[in-house]
Amino acid sequence: MSQTAPAPTRQPGPERQGLTLAVVLLAVFVVPTSISGTAVALPAIGADLHAGPAALQWVVNAFNVAFACCTLVWGSLADLIGRVRAFAIGAAVFTVASLACAVTPNVYVLDTARAVSGIGGAAIFACGSALISTAFDGAARAKAFALFGTVAGVGVALGPTVSGPAVDLLGWRWIFGLHALALGLVLICLPAVARTADETRTGAAPRLDVRGAAVFVLAMLALTYAIVQGSQWGWTAPGTLGLLVAALALLVLFTARSKRTRAPLLDLSVVRDKAFLAYCLVPVAASFGFVTQLTYLPTYLTTVAGHSPSSAGATMLLLTLPVLVLPLVGAKLVERGASARGVVLASLGFLVAGDLALLLLGPDTSTLVMAAPMLLTGAGMGLSAGLVDAQALALVDPAKAGMAAGFLNTLRLGSEAVAVAVFGSAVAGLTAGRQATGTAPAAAYDSAFHALLWAMAAVCAVLALAVVALARAERRA
């Protein structure tokens with residue numbers, strides 16, 4: 001992976017850099033908190049709004065689908081109208097949608113408002129990454145992105161912890177009210193950020209490729225909806241296959257249009273950079289190696305290992321603690337002369353080793369034995385969190401930073417949706433198959449989970465090899 005970067009843009013002073021970083025990080029904290037924390041409130045929402053399971057599930061799914069569909073669009077729009085302006089619009093959309101969630105009369109309005117929140121959340125992540133990329137340079141950029149990764153991890157980890165007491169003490173509506181208050185503070189501070197921002201744009205006459213954006217959004221909508229519904233309809237059901245075929249056809253059309261259009265939504269020259277693409281594959285590996293465990297390991301601990309919910313939650317700290325600590329360690333290693341590529345490859349190695357080491361888990365496994373596999377897996381996520389964003393965006397022309405950040409975060413969020421859905425569907429299918437042969441439910445889940453650990457480790461290993469191959473091809477070019 002080449003370390004050659006475009007010439008740095010003019011950087012604001014340390015005070016303004018600090019304000020920019022604080023504003024972006026506060027908004028970034030709210031988005032993953034909203035994703036993981038809202039799940040805790042679903043039972044209370046269902047009871048209050050008399051909502052069925054399907055409508056309730058879309059309180060979470062609507063956000064995720066909208067987020068995945070719109071990240072690339074926001075990134076490209078940020079390059080055209082300015083990163084601060086696009087970030088502010090996204091934060092305002094998220095704020096208004098959160099207020100609508102807080103006062104919703106029924107679950108259908110809530111689902112719609114959550115989809116709108118996802119559109120705003122996509123802007124916060126894509127435009128926030130681009131803001132940091134253009135506001136910082138060198139070691140300061142690496143530290144800023146390390147904090148970006150840390151705060152995003154903290155948001156995911158603390159979402160349920162913060163939202164649970166809020167539901168008990170204030171009611172579920174206040175979860176969304178608190179999100180609106182936090183983003184309101186962000187909006188108040190943004191004018192000061194805008195006064196010192198160096199807004200490098202792609203041209204004098206901003207114009208979004210609206211047709212390209214529509215094709216891409218429809219492609220992502222078909223893909224993510226197929227993934228969300230695939231576990232319910234079946235992966236070979238006509239509806240699922242039809243949506244997947246439609247998504248593929250639309251992505252082919254989008255690629256063809258991007259080659260012909262003068263100002264495309266995604267400049268394919270960015271994706272052709274093998275070093276950039278190599279870094280973009282790292283979050284995909286983390287989705288399969290880490291996010292699947294973050295999502296389903298608590299169920300394993302309660303179903304197979306016999307932990308109480310509180311004990312399982314406490315044990316999961318072994319998985320999440322490295323994500324809170326190691327992003328800054330990774331940035332520090334690179335600052336002191338370590339190869340960024342070496343640190344990234346080490347993180348991928350930790351993911352593979354961690355997933356394989358999790359095979360040690362069983363019904364009677366002690367927490368002490370669990371510690372090493374879980375810490376290893378968490379290290380695989382934490383060591384490269386933020387670092388890949390910093391290194392990838394450093395390779396891109398500053399005028400295309402938003403587009404590049406949008407592409408990177410589209411891969412990150414899209415792969416998370418794919419990994420979680422496929423893992424969940426596969427573990428359910430394997431468990432049911434083993435139970436059909438007379439295996440006890442807990443033993444069936446144990447066997448299915450272990451089979452999928454092999455599969456997740458294999459996916460991470462293949463992606464690691466792809467990263468190495470792309471890096472070597474870049475050095476030979």
Side-chain angles (χ1 to χ4, degrees), residues 27 29-71 73-74 89-125 155-156 158-184 186-187 217-218 220-233 239-240 243 295 413 416-417 420-421 424:
F29 175 77
V30 171
V31 175
T33 302
S34 170
I35 296 172
S36 63
T38 300
V40 175
L42 291 182
I45 293 172
D48 187 31
L49 300 181
H50 308 290
L56 267 186
Q57 191 59 41
W58 277 98
V59 175
V60 175
N61 289 342
F63 185 100
N64 294 338
V65 169
F67 195 120
C69 289
C70 297
T71 305
V73 177
W74 275 113
I89 293 171
V93 168
F94 198 107
T95 302
V96 172
S98 295
L99 290 173
C101 291
V103 299
T104 182
N106 59 64
V107 73
Y108 303 107
V109 173
L110 178 60
D111 288 345
T112 303
R114 285 291 289 163
V116 177
S117 295
I119 296 172
I124 288 170
F125 259 69
V156 171
L158 293 187
T161 304
V162 172
S163 299
V167 171
D168 293 336
L169 297 175
L170 303 173
W172 64 266
R173 294 178 185 273
W174 267 100
I175 290 180
F176 304 108
L178 292 172
H179 297 160
L181 288 173
L183 268 297
V186 167
L187 291 170
V217 168
L218 286 173
M220 292 302 297
L221 183 62
L223 177 62
T224 52
Y225 191 74
I227 292 167
V228 168
Q229 294 298 119
S231 58
Q232 299 179 27
W233 294 347
T240 305
L243 285 169
T295 306
L413 270 294
E416 287 183 8
V420 170

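These numbers come from the heavy atoms of this one structure, side chains and all, not from hydrogens, waters or symmetry mates. Note that the coordinates shown come from a computational prediction; the quantities given were computed from them, not determined experimentally.
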Whether the side chain of Trp74 engages the backbone of Ile119 through a donor-acceptor N/O pair (distance < 3.5 Å, no angle test) should be reported. yes
In Å, rounded to the nearest 0.5 Å, how long is the span from CG of Asn61 to OH of Tyr225? 9.5 Å
Report the distance from atom SG of Cys70 to atom CZ of Phe125, rounding to the nearest 0.5 Å. 15.0 Å
Donor-acceptor pair between Thr104 and Arg173 side chains, under 3.5 angstrom: no
Let me confirm one number: the CG-CG distance from Leu56 to Leu49, rounded to the nearest 0.5 Å. 8.0 Å
What are the two closest heavy atoms between Ala62 and Asp111, and how far apart are they? CB-O, 3.5 Å
Gln229 side, atom CD; Thr224 side, atom OG1 - distance, nearest 0.5 Å: 10.5 Å
To the nearest 0.5 Å, how far apart are CG in Leu187 and CG in Leu183? 6.5 Å
Is the number of heavy atoms from other residues, nucleotides or ligands within 6.0 Å of CH2 (Trp174) greater than 12? no
Could you tell me the separation between the OG atom of Ser34 and the CD1 atom of Ile175, rounded to the nearest 0.5 Å? 9.0 Å
May I ask you to decide if Phe63's main-chain N or O and Arg114's side chain share a donor-acceptor pair within less than 3.5 Å? no
Evaluate the side-chain proximity of Val107 to Trp58: yes if any heavy-atom separation is below 4.5 Å, no if none is. no
For Ala27 and Val186 the tightest heavy-atom approach is N-CG2, 4.0 Å
